[in-house]
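Here the structure is laid out as structure tokens; the discussion comes afterwards.
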Amino acid sequence: MDAARCLICHQEIDPTYMESHRAAFGGECLVCHDGIDTYGAAFDHNLQAFPLQGKHASVDCAACHVGARTPADLKNTPKNCFSCHAEDDPHAGRFGQDCAQCHTPEGWENAAFDHSLTRFPLTGAHSILACDACHENGTFQGTPQECYACHRADDAHEGQFGQDCAQCHTPEGWENAVFDHSLAAFPLTGAHVNVACADCHTGGIFKGTPQDCSACHAEPEYHLGLFGVECSDCHDTTGWLPALFNQAHTFPFNHGESGMNSCQVCHPTNLGTYDCYTCHEHNPSEIERKHREEGISDFQDCARCHPTGQEKEGESRGGDDD
């Protein structure tokens, strides 16, 4: 049998097919065919290493097996998508060459891109955005992943908190933000924890908010100018009372039956003077009489002789020379 005889018969049987077949694979029929349809009607491409599915099933053989002249040529045809579809790639290689990550043989449309496999998984409100909302002008590779790159125009703080939106917000939305004030230069403790943000950050100003007590807490008229403006010398964030006076206060704060007293118990008008008569059931004349009976004429400064509030502790200090 020779190729000429093959052509004579098969040209008569199907001249149209033979014309296209010879144009694609040449006229040396016996290189591929053995007369028993090894590569003929009995050939099933789906039993090979590359089954034909979807639109591949209707593609002409020569479209994939370009220039093939032998069975070896047919077997060595590239099986990767990009070898045939490089010219069809609208992404210009920005997504690599594995088209099957997003596309199927059914067609280019209805692509399914799994963004969770990228360095920026889509969660929350990001998952419902159209691709071009982030990938403008068809640009995918190199798209910024920082929040501020997309949300600069949404920043109600105008940059006062920096550009890392994720410190307070999540992809679920702008609402229900959680700011960890303990990471700031002014951690919130005590009564400060329950204060509304706007009470300290007036006018929506955050950066540069004063951290001094007196910036928010004007000194009361009661001790105006006596202790300066460093409230924390006497008070803490738990509350104004009880105050913790940590200077040389010799008289006990828990004097009497009421327990811890406020400053105004002994200093009813101002902190520069004190008055024992507010609590004790005697008046200045009775005190004078009693002390003079004891031979004590200098009795106006009660705390000098009674530094702990005890009645008898002044005895060792003696009387006077009168």
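Here, residue 1 is the first one in the sequence, and each next residue gets the next number.
Taking each heavy atom of Ala184 and Pro187 in turn, the nearest pair found is O-CD, 3.9 Å. Counting all heavy atoms, side chain and backbone alike, Gln53 lies closest to Pro105 at O-CB, 3.3 Å. Across all their heavy atoms, Asp73 and Gly67 have their closest contact at OD2-O, 4.3 Å. Scanning all heavy atoms of the two residues, the minimum distance from Thr77 to Leu74 falls at OG1-O, 3.1 Å.
The side-chain heavy atoms of Gln48 and Lys75, taken from C-beta on, include no pair separated by under 4.5 Å. Counting only heavy atoms from C-beta outward, the side chains of Ile13 and His10 approach each other to under 4.5 Å. Side-chain contact between Arg119 and Gln145 is present, with at least one heavy-atom pair separated by less than 4.5 Å. Contact of the Gln167 side chain with the Leu183 side chain is not registered, since no non-hydrogen atoms from C-beta on lie closer than 4.5 Å.
Within the 3.5 Å criterion, the main-chain N or O of Pro51 finds no donor-acceptor partner in the side chain of His45. Counting only distance, with no hydrogens or angles, the side chain of Tyr274 and the backbone of Cys302 share a donor-acceptor pair below 3.5 Å. Proximity of a side-chain donor or acceptor of Asp212 to a complementary backbone N or O of Ala215 within less than 3.5 Å is not detected. Side-chain atoms of Gln160 come within 3.5 Å of backbone atoms of Lys207 as a donor-acceptor pair (strictly under, hydrogens ignored). Side chain of Asn46 to backbone of Leu52: a donor-acceptor contact under 3.5 angstrom is found.
Shown here is Glu158, whose CD atom has no more than 12 heavy atoms of other residues, nucleotides or ligands within 6.0 Å. Within a 6.0 Å sphere centred on OH of Tyr17, heavy atoms belonging to other residues, nucleotides or ligands number 12 at most. Atom CD of Gln300 is surrounded by more than 12 heavy atoms from other residues, nucleotides or ligands within 6.0 Å.
Phe120 is not connected to Tyr148 by any chain of hydrophobic side-chain contacts under 4.5 Å among Ile, Leu, Val, Met, Phe, Trp and Tyr, and they are in different clusters. Cluster annotation: Phe186 is connected to Val193 through the hydrophobic network of ILVMFWY side chains, with a link wherever side-chain heavy atoms come within less than 4.5 Å.
Here His33 contributes atom NE2 and Glu28 contributes atom CD; the two are 11.5 Å apart, rounded to the nearest 0.5 Å. Once rounded to the nearest 0.5 Å, the distance linking NZ of Lys79 with CG of Asn76 reads 7.5 Å. Taking OG1 of Thr16 as the reference point, atom NE2 of His21 lies at 14.0 Å (rounded to 0.5 Å). Within the model, atoms CG of Asp301 and SG of Cys276 stand 9.0 Å from one another, a figure rounded to the nearest 0.5 Å. From Leu122, atom CG reaches atom CG of Leu129 across 7.5 Å, with rounding to the nearest 0.5 Å. Glu230 CD to Cys213 SG: the interatomic distance, rounded to the nearest 0.5 Å, is 5.5 Å.
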side-chain contact (heavy atoms from CB on, under 4.5 Å) assessment of Leu7 paired with Arg22: CA-CA 10 Å; Leu7 291 172; Arg22 289 181 63 190; 3.7 Å; yes

Residue pair Val31, Phe25: steps toward the side-chain contact (heavy atoms from CB on, under 4.5 Å) verdict: CA-CA 10 Å; Val31 173; Phe25 300 109; over 6 Å; no

Intermediate values then yes/no, side-chain contact (heavy atoms from CB on, under 4.5 Å), Arg152 and Asp155: CA-CA 5 Å; Arg152 178 186 297 271; Asp155 181 18; 5.8 Å; no

side-chain contact (heavy atoms from CB on, under 4.5 Å) assessment of Trp174 paired with His151: CA-CA 11 Å; Trp174 294 117; His151 297 294; 3.5 Å; yes

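Tested against Glu293, the residues His291, Lys290, Arg289 include a single side-chain hydrogen bond (donor to acceptor under 3.5 Å, both in side chains) partner, Arg289.
Taking the six-membered ring where the residue is Trp, Phe227 and His223 present tilted rings, their angle falling between 30° and 60°. The aromatic rings of Phe113 and His115 sit perpendicular, their planes meeting at an angle over 60°, well past the 30° parallel limit.
Using modelled atom types and a 3.5 Å distance limit, the side chains of His192 and Thr237 yield no donor-acceptor pair.
Connectivity analysis of hydrophobic side chains (ILVMFWY, heavy atoms under 4.5 Å, direct or indirect) links Phe140 to Phe95.
Legend: residues meeting side chain to side chain contact (heavy atoms under 4.5 Å, CB included) with Val195, ordered by chain and number and at least two apart, are Asp199, Cys200.
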